[in-house]
Amino acid sequence: RGANRIAGTAVSAAFVVSLAVGALMFIFASQVAYGIGLRDQAHEFGVQYLQIMTVTISLQGVALTGMACLRGAGDTFRPMLVTAVVAIVNMVVSVLFTFGWLGAPAWGLRGTAFGTMLAYLVGGGATLVLMMGGWSELRLRWHHLRIIPHNFVRLLRIGMPSWAEGMLLWVGQVLIVIFVISRNDADLGVTGATMAAHNAVIRIESLAFLPGFGFGIACSSLVGRYLGARRPDYAQRAAKLSTRCAVGTMTLLALPMVLMPKWLLGLMVDSVPVVAAGAVPMILAGLAQPGFALSIIKGSGLKGAGETIWPMIATGGGMLFVRIPAVILGIWVCSRMDLRGAGLTVVWIAIFADLNFRGLVNWYAWRRGQWQKKKV
């Protein structure tokens, strides 16, 4: 009963907050697009996309929160199905309405936004159906969707540090990209090459770290459930096994990134300047995976226990005291030594240091063992 009330409060609160954020993004779409650097036609397209997409973004909040509740209850299969359905709806509808296939109107970029909007609608609706259908240990009723104040306060106490963690990470990443990309493109003499290389490295890197996030979800769910059953020894065992699986898998998948970076990049992009700009960052991304795996698993285990302060400290500290200072120092060194076109390498050196710092902080917090006594 308590789990159902918490899940209902979480889903309803996510809907309300996402509705408010969506309304603000719709009203201030022009300012948002301008603030992230879109100009001229790109600005016009950005405003169109935001204003269409935000119509159902509140249901995206429902889907994300509801699927997290299901995973916490030990059901990771049905959230995967919802995600697959959302991806298929987004892909099919976007293609049909962007290019006007099968008799659909050709709306261009607005068709892509319409596909995203409809996918959010389907995702939120499907998640609610699963939570209210009783296929997992959660079974919501309409009265569970009432926001209960003291449950909402508990959710905020756990969730706010994770929100702050996400915001710090996002802001830091955006600032670094804005600060470095245009400067590095000017050094290379090829507009867009740095961003293309950066995106290609991240996409290839995701093949290594996405399995780690899967083990992280498993670790978080098992740690929470074992602590609820008053078996911290089982929680320790689950975290240890998750760590071994994540570190081993991510390290193995990172080997090609270290040994054949240009070949991997060549599969992603057909551009000599982009491949050249991304080669060293690709190696650094591969070398960072063991530390990243430690950060993911130990951070997930802490969150499963309700300890969200330490993961926030790890991410915020890494961003504010490692990644950003390392980028500033690296750019200064490059300018003094006249090392042109090294900006992206500097960024990935900073990312490498940051991910390992996060891994060490989360590992230290886990080793302290205070998470076993956390009251949520």
Side-chain angles (χ1 to χ4, degrees), residues 1-20 58-83 85-86 120-163 166 214 216-239 242 299-312 370-376:
R1 290 194 300 272
N4 284 326
R5 293 190 187 107
I6 286 287
T9 297
V11 167
S12 296
F15 177 80
V16 172
V17 171
S18 300
L19 192 64
S58 56
L59 292 171
Q60 170 74 344
V62 169
L64 291 173
T65 305
M67 287 191 284
C69 292
L70 290 170
R71 293 185 185 109
D75 183 357
T76 58
F77 180 71
R78 289 180 180 84
M80 180 198 73
L81 293 181
V82 173
T83 303
V85 170
V86 167
Y120 287 171
L121 176 65
V122 171
T127 304
L128 275 179
V129 168
L130 288 177
M131 297 184 75
M132 304 184 82
W135 288 291
S136 70
E137 293 184 40
L138 290 176
R139 185 163 188 172
L140 298 189
R141 294 290 181 258
W142 288 111
H143 67 271
H144 289 139
L145 295 175
R146 180 170 61 91
I147 297 178
I148 302 172
H150 71 271
N151 282 342
F152 183 60
V153 170
R154 293 173 70 191
L155 288 168
L156 286 179
R157 192 164 58 240
I158 302 168
M160 287 301 288
S162 290
W163 173 81
I217 289 171
C219 179
S220 179
S221 179
L222 289 171
V223 166
R225 291 168 71 81
Y226 282 136
L227 287 179
R230 299 183 180 180
R231 292 304 304 262
D233 55 329
Y234 277 32
Q236 286 275 18
R237 289 169 60 184
S242 299
S300 297
L302 291 167
K303 291 175 182 177
E307 176 54 83
T308 53
I309 296 292
W310 273 102
M312 180 194 71
Q370 294 301 309
W371 54 271
Q372 300 179 42
K373 306 172 185 178
K374 183 73 176 180
K375 301 296 184 183
V376 296

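Counting begins at 1 with the first residue of the sequence. Both backbone and side-chain heavy atoms feed into the values below; hydrogens, waters and symmetry mates do not.
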For residues 75-83, which side-chain N or O atoms pair as donor and acceptor with protein atoms under 3.5 Å away, sequence neighbours left out?
unit_1 : atom_1 : unit_2 : atom_2 : d
Asp75  : OD1    : Phe77  : N      : 3.2
Asp75  : OD1    : Arg78  : N      : 3.2
Asp75  : OD2    : Arg78  : NH1    : 3.1
Thr83  : OG1    : Pro79  : O      : 2.9

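Of the inter-residue distances, the one linking Leu138 atom CG with Leu70 atom CG reads 6.0 Å to the nearest 0.5 angstrom. Between the CG atom of Asn4 and the SG atom of Cys69 there is a distance of 10.0 Å, given to the nearest 0.5 Å. Summarising the geometry, atom CH2 belonging to Trp371 is positioned 8.5 Å from atom CG belonging to Leu302; distances are rounded to the nearest 0.5 Å.
Partners of Ala14 under the side-chain contact (heavy atoms from CB on, under 4.5 Å) rule, at least two apart in sequence or in another chain, are Thr65. Scanning for side-chain contact (heavy atoms from CB on, under 4.5 Å) contacts around Val129 gives Trp135, with sequence neighbours left out. Partners of Gln372 under the side-chain hydrogen bond (donor to acceptor under 3.5 Å, both in side chains) rule, at least two apart in sequence or in another chain, do not exist in this structure. For Ile158, the side-chain contact (heavy atoms from CB on, under 4.5 Å) partners are Thr308, Val376, not counting sequence neighbours. Scanning for side-chain contact (heavy atoms from CB on, under 4.5 Å) contacts around Met312 gives Pro161, Ala164, Glu165, with sequence neighbours left out. Applying the ring-ring contact (aromatic ring centres under 6.0 Å, His included) criterion to Tyr226, with sequence neighbours excluded, gives Tyr234. Under the salt bridge (Lys or Arg N to Asp or Glu O under 4.0 Å) criterion, Arg139 pairs with no residue, sequence neighbours left out.
Contact check for Phe15 versus Leu19: side-chain heavy atoms found under the 4.5 Å cut-off. In this structure the side chain of Leu227 reaches within 4.5 angstrom of the side chain of Pro232, judged on heavy atoms.
Taking all atoms of both residues into account, the shortest heavy-atom contact from Ala7 to Leu140 is CB-CD2, 4.1 Å. Of all heavy-atom pairs between Tyr120 and Leu59, the closest is O-CB, 3.5 Å. Nearest heavy atom pair, residue Gly301 against residue Cys219, reads CA-SG, 3.8 Å. Smallest separation of non-hydrogen atoms from Gly66 and Met131: CA-SD, 3.5 Å. Here the closest non-hydrogen pair linking Val62 and Gly124 is CG1-O, 4.0 Å.
Under the side-chain hydrogen bond (donor to acceptor under 3.5 Å, both in side chains) criterion, no residue pair touches residues 144-155, with sequence neighbours excluded. Residue pairs meeting the salt bridge (charged side-chain N to carboxylate O under 4.0 Å, His left out) criterion with at least one member in residues 1-20, sequence neighbours excluded, do not occur. Under the side-chain hydrogen bond (donor to acceptor under 3.5 Å, both in side chains) criterion, the residue pairs touching residues 216-225 are Glu137-Arg225, with sequence neighbours excluded.
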